[in-house]
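Because only heavy atoms are used, hydrogens play no part in the values below, and waters and symmetry mates are left out as well, while side chains stay in.
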Amino acid sequence: MLGKIALEEHFGATDPDIVEQSAEHFTPDAWPERRAMLLDIQDERLRLMDAGGIELSVLSLLAPGIQSLWKSVQAVDWAHRLNDYAAEQVALRPDRFASFAALPMQDPDAATAELHRTVRDLGFKGALINGFSQVGDENTVVYLDDSRYEGFWAAVQELDVPVYLHPRDPLAQHSHSYDGHPWLLGSAWAFSVETGTHALRLMGSGLFDRYPGVQVILGHFGELLPFNIWRTDHRVEVAPRGIPALKPFGYYLRHNFYLTTSGNYRTPALMNSLVEVGADRLLFATDYPFETMLDATKWLDAVELNEPDRDKIARDNARRLLKLA
């Protein structure tokens with residue numbers, strides 16, 4: 001299938017040197033190749049896009065990216081520089097690339113200003129935030145439901161652009177359930193648990209009651225949420241514990257979230273997501289270079305799915321959400 005639009009396509013940079021953050025996700029022998037893939041945008045990446053029928057890739061900074069830079073001054077500086085770099089890369093091939101902004105959530109006012117700058121001045125399609133941010137020191141974490149971000153979410157609704165909530169691992173000192181089991185960290189398990197919980201925090205906080213137009217994107221078919229959302233709602237109804245949200249979690253999942261195929265090329269997961277949120281809420285993504293681009297494209301081309309829904313997932317929903325021509 002030609003004309004796919006991919007929404008979780010990562011890059012790194014050496015100036016400032018942020019690419020090394022991803023080294024821990026690969027074995028030492030595999031890292032040099034993956035590092036080169038993160039740094040490359042205009043060469044091998046384009047050839048792989050052509051081979052898989054990907055018309056447009058929306059670039060986003062690798063994880064944990066800006067969110068791990070607990071010194072606010074550094075976070076603001078690096079976000080600005082990396083967004084300028086992404087804009088330069090998009091300008092070389094605006095027919096093949098767009099970008100999400102990296103934001104310094106350590107400084108809510110600066111993050112809001114950077115969102116405005118990147119969307120209005122640089123033409124970015126929204127933002128990708130790598131989970132919680134470390135703020136003030138390396139041990140302090142702040143999630144996006146915190147009241148300090150009220151103005152930021154107001155700006156998201158005003159600009160009418162999506163926020164991609166991307167995973168990161170919990171800090172080791174905050175999550176002892178992984179002690180002695182390092183294989184459960186990262187994309188094997190911890191990413192989904194951390195990000196799914198973060199999404200539930202946003203829903204339960206009443207954020208989408210205050211800003212019903214806000215749209216959040218989750219990768220990996222919703223970070224386990226479609227499978228468990230009914231039970232979450234069922235048990236919260238039994239014991240609400242003062243929840244501020246005015247509607248069930250499932251309502252927000254179906255009205256304020258989009259789910260992507262990134263790194264989860266599993267047909268039963270697709271079918272479960274289709275039932276829970278509908279074809280209009282699913283988007284294509286590959287999770288490159290942490291996953292193989294051609295694995296994602298071949299799976300979507302071959303999966304048993306009616307063609308209108310395949311077209312929606314491959315490109316039509318992205319065109320509508322990102323306001324692409």
Under 3.5 Å, is there a donor-acceptor pair between the T267 and W299 side chains?
-> yes
R45, K4, R93, R96 screened by salt bridge (charged side-chain N to carboxylate O under 4.0 Å, His left out) with D50, the one that passes = R96
Separation of K71 NZ from E138 CD (nearest 0.5 Å) | 10.0 Å
According to the interplanar angle, ranging from 0 to 90°, do the rings of W183 and H181 count as parallel (below 30°), tilted (30 to 60°) or perpendicular (above 60°)?
-> perpendicular
Below 4.5 Å, heavy atoms only, C-beta onward: do D84 and L122 meet side chain to side chain?
-> yes
Distance-only donor-acceptor check, side chains Q134 and R168, under 3.5 Å = yes
Would V19 and D17 count as a side chain to side chain contact (heavy atoms under 4.5 Å, CB included) if you check the C-alpha gap in whole Å, the side-chain angles of each, and the deciding distance to 0.1 Å?
-> CA-CA 6 Å; V19 69; D17 191 4; 3.6 Å; yes
Check ion pair R310-E304 (N to O, under 4.0 angstrom) | no
Going by an N to O cut-off under 4.0 Å, is there a salt bridge joining D280 and R254?
-> no
Can you tell me how far CG of L61 sits from CZ of F100, rounded to the nearest 0.5 angstrom?
-> 13.0 Å
So among W70, Y149, Y143, which one has a ring pair (Phe, Tyr, Trp, His ring centres under 6.0 Å) with F132?
-> Y143
Is the closest side-chain heavy-atom distance between S22 and R34 below 4.5 Å?
-> no
Can you find a pair of side-chain heavy atoms, one from F290 and one from L38, that are under 4.5 Å apart?
-> yes
Looking at side-chain heavy atoms only, is the closest gap between Y164 and S262 below 4.5 Å?
-> yes
Does the side chain of T140 pick up a donor-acceptor pair with the side chain of D137 at under 3.5 Å?
-> yes
Given the side-chain rings of H220 and Y265, with only the six-membered ring counted for Trp, is the space between their centroids under 6.0 Å?
-> no
What closest approach, in Å, do L165 and A199 show between heavy atoms, and which atom pair accounts for it?
-> CD2-N, 4.0 Å
Ring centres of F11 and Y288 under 6.0 Å apart?
-> no
With rounding to the nearest 0.5 Å, note down the distance linking CD1 in I217 to CD1 in I129.
-> 11.5 Å
Inter-residue atom distance L253.CG - I229.CD1, 0.5 Å rounding | 5.0 Å
Is it the case that R320 and N317 place a side-chain donor and acceptor less than 3.5 Å from each other?
-> yes
Any donor-acceptor N or O pair under 3.5 Å, side chains E8, H166 = yes
Nearest-0.5 Å distance that lies between atom CD in E194 and atom CG in N130 = 11.5 Å
Picking from L282, N264, V275, T261, what satisfies side chain to side chain contact (heavy atoms under 4.5 Å, CB included) with L270?
-> L282
Do you know which two heavy atoms are closest between P226 and S273, and how far apart they sit?
-> CG-OG, 4.0 Å
I313 side chain reached by L283 side chain, heavy atoms, under 4.5 Å | no
Test T286 against every option in E291, H10, E9 by the side chain to side chain donor-acceptor pair (under 3.5 Å) rule and name the one that passes.
-> E9
Under the side chain to side chain contact (heavy atoms under 4.5 Å, CB included) criterion, do D160 and K323 qualify, and how do the steps go?
-> CA-CA 10 Å; D160 194 22; K323 303 176 183 64; 3.1 Å; yes
Take E55 and R319 through the salt bridge (Lys or Arg N to Asp or Glu O under 4.0 Å) test and state the conclusion after the steps.
-> CA-CA 12 Å; E55 172 188 344; R319 288 191 184 282; 3.0 Å; yes
When you check the side-chain N and O atoms of E150 and Y211, is any donor under 3.5 Å from an acceptor?
-> yes
Should D146 and F152 be marked as a side chain to side chain contact (heavy atoms under 4.5 Å, CB included) after you check the CA-CA gap, both sets of side-chain angles, and the distance that decides it?
-> CA-CA 11 Å; D146 192 278; F152 168 76; over 6 Å; no
Give the minimum heavy-atom separation between P104 and E114, together with the two atoms involved.
-> CD-CB, 4.4 Å
Could you go step by step and tell me if T297 and L294 meet the side chain to side chain contact (heavy atoms under 4.5 Å, CB included) rule?
-> CA-CA 5 Å; T297 57; L294 292 182; 3.8 Å; yes
Do we see a donor-acceptor contact under 3.5 Å between the side chains of D145 and H198?
-> no
Under 3.5 Å, is there a donor-acceptor pair between the side chain of H80 and the main chain of V76?
-> no
Between D311 and R315, is there a side-chain N and carboxylate O pair less than 4.0 Å apart?
-> yes
Working to the nearest 0.5 Å, report the span between CG of L115 and CZ of R120.
-> 9.0 Å
Are V141 and L185 connected in a single hydrophobic cluster, I mean Ile/Leu/Val/Met/Phe/Trp/Tyr linked by side-chain heavy atoms less than 4.5 Å apart?
-> no
Taking the side chain as every heavy atom from C-beta outward, state whether I243 and V236 have any pair of such atoms under 4.5 Å apart.
-> yes
Output, in order, the C-alpha distance, side-chain angles, deciding distance and verdict of salt bridge (Lys or Arg N to Asp or Glu O under 4.0 Å) for E20 and R35.
-> CA-CA 8 Å; E20 296 301 327; R35 182 180 186 274; 2.8 Å; yes
Compare all side-chain heavy atoms of L225 with those of M203 and state whether any distance is below 4.5 angstrom.
-> yes
Would you check if R81 and D77 make a side-chain contact, meaning some heavy-atom pair closer than 4.5 Å?
-> yes
Angle class for the Y252/F208 ring planes (parallel below 30°, perpendicular above 60°, tilted otherwise)?
-> tilted
